[in-house]
Amino acid sequence: MTSRNLNFKHRVAVVGAGLTLFRRRLQETPQELAWLAAKQALEEAGLTLKDIDCVVIGSAPDAFDGVHMKGEYLAEGAGGIGKPVVRVFVGGATGVFVPIAAWWHVASGLCKRVLAVAEEKMSHAAKPHPQYVFRYIWDPIVEKPLNPNLLWIFAMEMHRYMYKCGVKKEDIALVSVKNKRNACGHPSAQLCDPNIKVEDVLNSEVLVWPVQRLDVSPVSDGAAAVVLASEEEARRITDTPVWIKGIGWTLDTTHWTNRDLAFPEYVRRAAEMAYRMAGIDNPRKQIDVAEPYDPFDYKELHHMEGLGLARKCEAPILTREGVTQRDGDLPINPSGGLLGVGNPIAAAGLMKVAEIFWQIRGEAGARQVKKPVYTGLAQAWGDLMQAGTVVVMGI
Amino acid sequence: MTKPRNPRGTPYEEAAFPVFEFPVVGKARYEYTTGQALGRFLAGLREGKILGTVCKKCGRVFVPPRIYCSYCFREVDEWVEASHEGTVVTVVASYIEATRARAAEPKIVGVIKLDVPGFSFDDHFFPGLLHYICGASDEDVKSMKLFGARVRARFKPPEERKGSITDIECFEVVRP
Amino acid sequence: MGVGWFGFQPEVVDFSFREMMFKAAQRAYQDAGGLDPRRDVDAFVSCQEDFWEGIAISDEFAPDPVGGAMKSVYTVTGDGLQCVGQAYMMIKSGLFDVVVVESHGKPSDVVTLGDVMYMATDPITIRPLGIENVHALAALEARAYMAKFGVSEEHLEAVVEKAHEAGAKNPRASYASPGRDRGATPVVADPLREADIAKFVDAAVVVVLASERVAREFNDAPVWVEGVWWSTEFSSLEFHDWSFPLHARMAAEGAYAQAKIADPAKEVGFAEVDNRYSFKELQHIEALKLAPRGLAKEYLLDGVFSPGGKLPVNLSGGALAEGVPFEVHGLARLSYAVGVMRGDIRAQVDKRDVAVVHSWRGIPTTTSVVAVLRV
Amino acid sequence: MRRVKYFPEVMEIEAYVYTAGPVGTKWLEGLREGRLMAAYCPRCNKLFLPPKMYCPYCFGEVEELRPIEPVGVVESYTVIERDFNGELLKEKRVLAFIKFPGVEGGLVHFLKTDKPRIGMKVAPKWREKRQGLVTDIEYFVEA
């Protein structure tokens with residue numbers, strides 16, 4: 001897309017964000033969770049629903065909430081009452097895709113103020129276990145008859161990565177430890193543990209080797225929301241808008257058994273698209289803080305490499321050296337990520353966007369990273385290890 | 001000032017109040033049309049063959065097969081029979097079932113890069129299947145000994161095959 | 001810029017949904033002037049729903065059949081026309097020049113379609129009732145509309161008759177049976193009889209949209225999307241207007257405003273609207289301001305909306321004749337309109353330069369999309 | 001070699017367990033006690049059904065439920081004769097949308113009557129054993 005016109009009609013800013021608690025089970029209906037997050041985002045932006053032109057919803061499989069056409073069902077709680085509403089979907093990568101779709105709602109000039117909401121209520125799929133729902137993400141003809149557990153594919157990717165890069169489980173566990181400790185500063189967090197140690201991760205229940213229980217993010221209910229606005233509107237709403245500088249996403253082939261899993265090429269392509277738009281040529285230097293998707297601890301490392309924040313096989317070394325801590329040179333997942341805050345799928349991705357928003361505004365409180373933040377990045381990942389979504393934000 | 005300020009939600013452990021339980025057994029049943037490519041692939045399995053398709057433009061071989069080349073966006077040119085042998089590219093040991101219950105015994109599963117006579121493949125794109133690996137233990141997974149191991153498809157006896165990926169019982173290790 | 005379709009048969013036996021997508025995409029790229037999706041397309045949008053597919057996270061299967069592997073592909077869980085709306089915005093943003101919209105539906109693969117549709121209702125207030133037939137919710141709307149505006153079964157008969165007559169000339173209208181006697185079909189949920197309810201059909205449609213600059217490079221006779229807008233009224237049926245589809249009205253107002261159409265009844269040459277229930281055609285005609293509220297029934301009997309009439313509606317026969325291919329429906333309406341506008345389809349219509357197309361997502365949704373096309 | 005044309009699958013779990021949220025739960029508890037209530041939004045000064053913790057008209061928070069007169073008016077109805085697959089039902093069923101005076105929204109529920117009509121006044125027939133579901137009202141009957 002080198003020939004593209006990068007002088008967009010409208011710059012787009014984030015002007016407010018909101019979250020619910022992330023918990024294993026929440027009593028609120030999916031509509032009400034969406035409302036809680038949307039309401040908080042509107043309040044933070046100093047707006048009411050009347051000010052909103054368009055609504056973008058993100059939610060992962062309908063099979064969790066147990067409602068077919070979940071976007072239609074959620075619309076009301078997300079503020080989609082007599083408004084244009086669209087629900088976008090790229091599996092686990094949906095959370096970060098929501099602001100991407102919201103971006104063109106504004107950049108096209110068709111909407112001025114957009115409410116972007118992501119929700120997931122996994123606890124509805126209670127019997128036998130929410131994890132069972134993931135059985136239906138496999139190819140129904142050539143894979144599902146083998147009765148797979150979702151963790152298989154991730155374990156396969158993790159193991160391939162360990163094999164190709166010579167990474168030890170101890171090094172990967174450091175990510176889980178960091179994120180679960182970071183989460184203690186997050187008011188929404190489901191799994192804060194200030195005292196967790198590498199041994200705890202290594203001694204936790206083995207699920208699908210090499211994945212153990214503390215390598216994985218939990219099952220969660222929750223919602224997140226952000227408000228986006230055109231430049232003119234953003235300046236009217238706030239003195240400190242945070243600009244969306246770059247968007248990018250890529251889907252690799254469906255056929256994951258046909259490709260190498262050691263490196264997330266789809267994340268690299270997505271990042272390249274976003275970097276080109278944002279004018280970033282050296283992400284390691286130009287990105288001050290990042291929230292790569294961490295449903296598994298190895299995924300944070302994997303994605304850092306895909307995003308060009310580390311060279312291939314280098315992320316574990318940076319982690320061991322403390323570079324990715326909140327006070328490090330490249331803070332990664334200061335929110336606590338999915339491993340710490342929780343993983344209501346789409347909502348978790350949008351939580352990362354909210355985190356970057358608050359980090360850039362200096363509003364992350366106990367979670368604020370030590371170095372000054374001008375530019376940040378949020379990324380999510382999904383489908384059959386094939387989707388990468390990236391948003392670059394800055395002042 | 002830490003954002004988010006007072007995020008809300010009402011956590012609960014056990015539902016002690018009115019809830020609606022909606023059984024979904026049998027409510028979402030499907031009969032997938034297998035189509036040209038997988039229809040023939042499944043029929044091949046029934047006959048003890050692993051079939052794939054070839055795009056002559058880029059030289060890729062697709063197992064599982066499709067009628068189009070994912071990379072050149074054109075119809076594939078021909079069918080090809082893959083060897084029953086292949087190489088393990090990644091492998092894991094599953095201690096849980098799909099339901100999240102503990103499994104009685106660990107299951108070894110992996111991705112097998114298949115040999116196709118007359119073609120050679122690198123690590124980036126190859127005909128490959130997800131399947132069980134037999135003749136190996138979870139220790140062989142943990143030691144990474146199985147990476148690169150040679151395996152061969154063990155088919156069920158012809159009368160038990162029904163045109164399903166499970167017509168192959170597993171891929172058996174022939175040379176670690 | 002290009003349109004391709006495949007299927008429109010009650011049951012496509014020989015091809016999987018992925019193969020149908022591929023076939024439709026091939027035709028669309030050909031139609032667009034020999035487009036190479038691997039080189040010329042910036043992004044792909046697929047409109048589908050998980051429970052229609054029987055696959056959770058069904059967007060996994062979107063990229064390969066349309067040439068989108070390792071490119072920017074995503075899914076909208078909505079009607080195909082909503083994808084057109086997204087593509088329109090993407091192109092307007094300046095970041096994308098060529099966006100491909102895809103939708104496929106294979107209702108014949110779903111064994112328990114009624115149960116699946118019922119799963120879209122509210123789990124607290126409606127689901128526990130165990131309503132035997134989800135079409136009953138449409139019947140509630142039908143009666144509310146008919147009682148309020150004095151619409152009688154005679155009008156529904158006229159809609160059904162017109163759909164089958166028109167559909168007889170549409171080769172992909174598998175269900176068209178001219179002379180079908182609505183009164184002879186059984187009552188399902190009164191006032192709806194079997195003939196008032198569209199059947200389902202397997203289909204895939206792919207549409208290529210491009211910026212003006214690129215469209216002119218590939219194609220000398222593109223059809224322009226002048227406006228496209230969508231709207232959701234309420235999620236809860238209890239709050240929505242049972243007698244009139246306000247969502248369609250809001251969507252139409254948005255689309256007309258973009259297309260600078262002040263008097264649709266005068267400016268629009270013909271329309272393709274959702275008629276998955278016969279009464280819906282009348283409602284949607286009124287919502288789209290092609291007739292004043294409550295008067296569509298009279299215009300209908302006067303032949304205004306018939307082929308060759310002053311403002312033909314559903315020259316294709318609509319969903320009653322073609323069937324409902326899930327989320328493909330809006331693209332089915334669009335592709336037919338494009339065919340008529342380009343002259344590929346010979347239809348009895350005088351004014352082919354401006355068309356309006358509409359889709360609704362069916363029970364129990366309150367979402368409509370409207371697009372205005374011009375040549 | 002004959003192609004395999006179909007592959008059967010079910011997409012199912014054992015059961016979904018839905019919760020009704022803080023306001024909805026109170027409402028269902030009311031039903032269990034044989035009481036019909038509506039949510040009250042203090043900003044709009046509106047009662048509405050079904051209840052939610054947000055007001056669908058002003059998007060503000062809703063905490064209060066108020067009892068309403070359990071006499072509704074049929075706004076629309078249908079007599080269901082066949083199921084989704086076209087099979088005749090053993091017994092025709094009347095489904096209605098019922099509004100309550102002074103309350104926005106309403107309820108979709110069954111009616112027990114041979115002569116349904118729009119504008120008909122109806123009242124709930126409560127079940128003996130109630131568990132906190134909309135089906136604690138077995139159906140509505142002419143009031």
Between R249(C) and E286(C), is there a donor-acceptor pair closer than 3.5 Å when you use the side chain of the first and the backbone of the second? yes
Any side-chain to backbone donor/acceptor pair from D274(C) onto W360(C)? Under 3.5 Å, distance only. yes
For [X], is it the side chain, the backbone, both, or neither that has a heavy atom closer than 4.5 Å to a heavy atom of chain D?
X       : value
M119(C) : side chain
L192(C) : neither
F234(C) : side chain
S236(C) : side chain

Given D190(C), I197(C), D14(C), the one with more heavy-atom pairs under 4.5 angstrom with chain D than any other is D190(C)
Could you check K121(D), R117(D), K125(D) and say which one makes a salt bridge (Lys or Arg N to Asp or Glu O under 4.0 Å) with E142(D)? R117(D)
Can you tell which of [options] has the highest number of heavy-atom pairs within less than 4.5 Å of chain C?
options                        : value
W27(D), Y18(D), Y77(D)         : Y77(D)
K52(D), R93(D), K5(D)          : R93(D)
G24(D), A20(D), A96(D), P50(D) : P50(D)

Using heavy-atom distances under 4.5 Å, tell me whether [X] contacts chain C through its side chain, its backbone, both, or neither.
X       : result
I98(D)  : neither
I118(D) : side chain
L89(D)  : side chain

Answer yes if the side chains of [X] and [Y] hold a donor-acceptor pair under 3.5 Å, and no otherwise.
X       : Y       : value
T367(C) : T232(C) : yes
E75(D)  : W242(C) : no
E53(C)  : H104(C) : yes
Q26(C)  : K23(C)  : no

So, do V79(D) and P116(D) sit near enough that their side-chain heavy atoms are less than 4.5 Å apart? yes
